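The chains referred to below are lettered A, B, ... by the order of the sequence lines, with proteins before strands, and numbering in each begins at 1. Just so it is clear, the structure is predicted and the values come from calculations on it, not from any experiment.
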4 protein chains.
Amino acid sequence: MKRDKPKYKQIIDAAVVVIAENGYHQAQVSKIAKQAGVADGTIYLYFKNKEDILISVFREKMGMFVGKIEEVIAGNRTAAEKLLVMIENHCKILSEDHHLAIVTQLELRQSNKDIRLKINEVLKGYLLVIDKILTEGIEAGEFTSDLDIRLARQMIFGTIDEMLTNWVMNEQKYDLSSQVPAIHKLLLNGCGFRN
Amino acid sequence: MKRDKPKYKQIIDAAVVVIAENGYHQAQVSKIAKQAGVADGTIYLYFKNKEDILISVFREKMGMFVGKIEEVIAGNRTAAEKLLVMIENHCKILSEDHHLAIVTQLELRQSNKDIRLKINEVLKGYLLVIDKILTEGIEAGEFTSDLDIRLARQMIFGTIDEMLTNWVMNEQKYDLSSQVPAIHKLLLNGCGFRN
Amino acid sequence: MKRDKPKYKQIIDAAVVVIAENGYHQAQVSKIAKQAGVADGTIYLYFKNKEDILISVFREKMGMFVGKIEEVIAGNRTAAEKLLVMIENHCKILSEDHHLAIVTQLELRQSNKDIRLKINEVLKGYLLVIDKILTEGIEAGEFTSDLDIRLARQMIFGTIDEMLTNWVMNEQKYDLSSQVPAIHKLLLNGCGFRN
Amino acid sequence: MKRDKPKYKQIIDAAVVVIAENGYHQAQVSKIAKQAGVADGTIYLYFKNKEDILISVFREKMGMFVGKIEEVIAGNRTAAEKLLVMIENHCKILSEDHHLAIVTQLELRQSNKDIRLKINEVLKGYLLVIDKILTEGIEAGEFTSDLDIRLARQMIFGTIDEMLTNWVMNEQKYDLSSQVPAIHKLLLNGCGFRN
DNA sequence: TATGAATGAGGCTTCATTCAT
DNA sequence: TATGAATGAAGCCTCATTCAT
């Protein structure tokens, strides 16, 4: 499998660096190849085309992302706690990788509709995690029973995303983690939380 | 003033149609000119360059937008009511202009950093409306007094934006207005609403 | 006759200023119209097209030029004296009109072959003055009798032209008139002068 | 080094042909590529932009030019002889390459100020050759000791240039070489030659 | 005569992708 | 597998000229 070979990951990582440092529209295949230390043509032994690189970037990084979040969530019992560690870890991962933060919050959004549709496919894993927390929360009586899961999910995802995008656009100047409790509380309230 | 001449608006409207129907990256100046019923060169009597067209589209439409919302809000007393009519009208305007919905929620986001920075300038007007509602709500005791206005604004804007983007990406198949009360309730709860 | 109307000269003079200050390729018709204080379309009531403006600039200015030189030459007796006052006056006219110097020595040379052929037609008047001096000089025994008039004319014109172009390219920093005696002597020697 | 690769010279030569046959302003990059037998994009692997092609044409050809002249001059002893072979060879090279003659005498002069400044840099090599001949001639007593080298250089260069331009504008109809002795004599006289 | 808004043709350059080695 | 030289399609913008007023 190509995805297991070292050059595959090498190219993905190079793409993240190049996109973060040059911007989406200035991330030419030749720049990515140079950053990865391979020839332009070599890229095409591992990826079908440029679009495939971009989607793969998102899939690989987001996969790691969702995996990590599912892992940490598992160690908690209540929906409220799970929501908290989800937000905490989301913020933590992006805080620790500034390049990745720029790429996912700003640059990859400039891609065209086709690519964004495929990115949305990848995002579904994250949305499922949210849905699961919401379902559990309702069942456990933590959240109001008339909660519209789809809308609540949009609130949770939209709020976190907006907060992160603002943070990145402000050049990641302030500390993200200090905002987590307040955001958590806003979202819990939104979901009609009572304990 | 050029902005008052009929051809200015004619070109802006043509741009919205062309971008919505062809996508951001396929919206060539020549297509916009053709749609507007003018020669290519005529575009440049009213706009400095292509970037200027795109920013102007956003500014004109968003300006109308914020103006409309400020207007309808003025007729209401409580922050909760104001928030409701704001969401209602936001949804109503986009529901009535599918092309505009596609352009603002999907296509213009593909623009480069320069254009997006200018678009963000325009968006500030909308964010100020939200802030005003929040401040009034806190002062009136409708919202919890320890509400972080910046985070609450990010929640409100992020949630509405995410809801709208989902709606547009689902090809505007379902009715937006029916979701407004539930979203309104989610956001009110988030703000610690009590009456 | 159009050439006698005030706007004709007004446009010619505007063209000299615009070309000198902006360069040949940046001298748009609209700039010339603005400088002349007329509308773009008015230009075309006095000139067939842009090429006609440029050729007219050269014809009007060069005509004045050759007229002036013929006039001052007439007051002298020997070919050597005539050559001297010709060079003196050529330098004097350009020294007194920096814009004209830039236009004739640098900018109009960027015109295409068609225009340059027509400019050469105008230049013939100047070359005839040189030829006349040379013929008189030979007949009077001042110049060597085996002088090839065509080549000598090329030497005289080429030398003066090169000197002037160097002066203009050096931003007219040094005094032209002080070089006249030395250039005069070089050219007289070239013609085999003896008195 | 790109300049040593065969395609570099191939494109330079194609540019000379295209400019000579179509004129400076009709020498599109695509025409040059076609004449060179390469794709349009290939041009940009060897040249930064169109301006770079034009300057390179002049530098390569003029470099060859000055090199050749320095070479043949070296085999002569007196300044008068050196001046003669310089003129002879200048005429010979252009006589043997009609395209190059058109390009250097007529077409490249239509370029804008930036390009001409860079062309002038290249020309300095030629002017230095002239200066060296003049200095040697004065030291050897062949030329008058009060000769102003700068003005004499302007005479020599201006005269040769004017003669060549006339020849090219007359469509190279007459034989250049037959004029060389007379021009040589004119210039020697101008320099106060005595042997 | 005078205006000036409108026209529309034309070319340099980038960059994803291929393929001979 | 790996290379990297070569390809070629595609679009923004300028500006001389016209013509309805």
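In this structure, C/Lys7 atom NZ and E/dT3 atom C1' are separated by 10 Å, rounded to whole Å. Rounded to whole Å, the distance from CD1 on B/Ile32 to C1' on F/dC13 is 14 Å. Between the CD1 atom of C/Ile43 and the P atom of F/dT17 there is a distance of 11 Å, given to the nearest Å. Put simply, NZ on D/Lys50 is 8 Å from C1' on E/dG11, counting in whole angstrom units. Taking atom CD1 of A/Ile115 as the reference point, atom P of E/dA16 lies 11 Å away to the nearest angstrom. At whole-Å resolution of the value, CG in B/Asn49 and P in F/dG11 are 17 Å apart. Distance, B/Ile11 CD1 to F/dC13 C1': 14 Å, rounded to whole Å. When the P atom of E/dC12 is taken as reference, atom OH of D/Tyr46 falls 20 Å away, rounded to whole Å.
For F/dA5, the paired base is E/dT18 (Watson-Crick or G-U wobble, both distances below 3.5 Å).
Of the N and O atoms on the side chains of B/Asn22 and B/Gln28, not one donor lies less than 3.5 Å from an acceptor on the other residue. Inspection of the A/Gln10 and A/Lys7 side chains reveals no N or O donor paired with an N or O acceptor under 3.5 Å.
Where B/Gly41 and D/Gly41 meet DNA chain F, the nucleotide closest to each residue was compared, and D/Gly41 sits on the side nearer the 5' end. Comparing D/Leu45 and B/Lys48 along DNA chain F, the residue whose closest nucleotide (by nearest heavy atom) sits nearer the 5' end is D/Leu45. A residue-by-residue look at B/Asp40 and D/Tyr44 shows that B/Asp40 has its nearest nucleotide of DNA chain E further toward the 5' end.
Contact annotation: A/Thr42 side-chain N/O to F/dT3 OP1/OP2 distance is under 4.0 Å.
Taking 4.0 Å as the cut-off between side-chain N and carboxylate O, D/Lys118 and D/Asp52 do not count as a salt-bridged pair.
Panel note: side chain D/Arg59, backbone D/Val122; no donor-acceptor pair is recorded below 3.5 Å.
Between A/Phe65 and A/Tyr126, the angle of the ring planes goes over 60°, which puts this pair in the perpendicular group of the 30/60° scheme.
B/Val29 comes within 4.0 angstrom of sugar-phosphate atoms only, judged by non-hydrogen atoms across all strands, and of no base.
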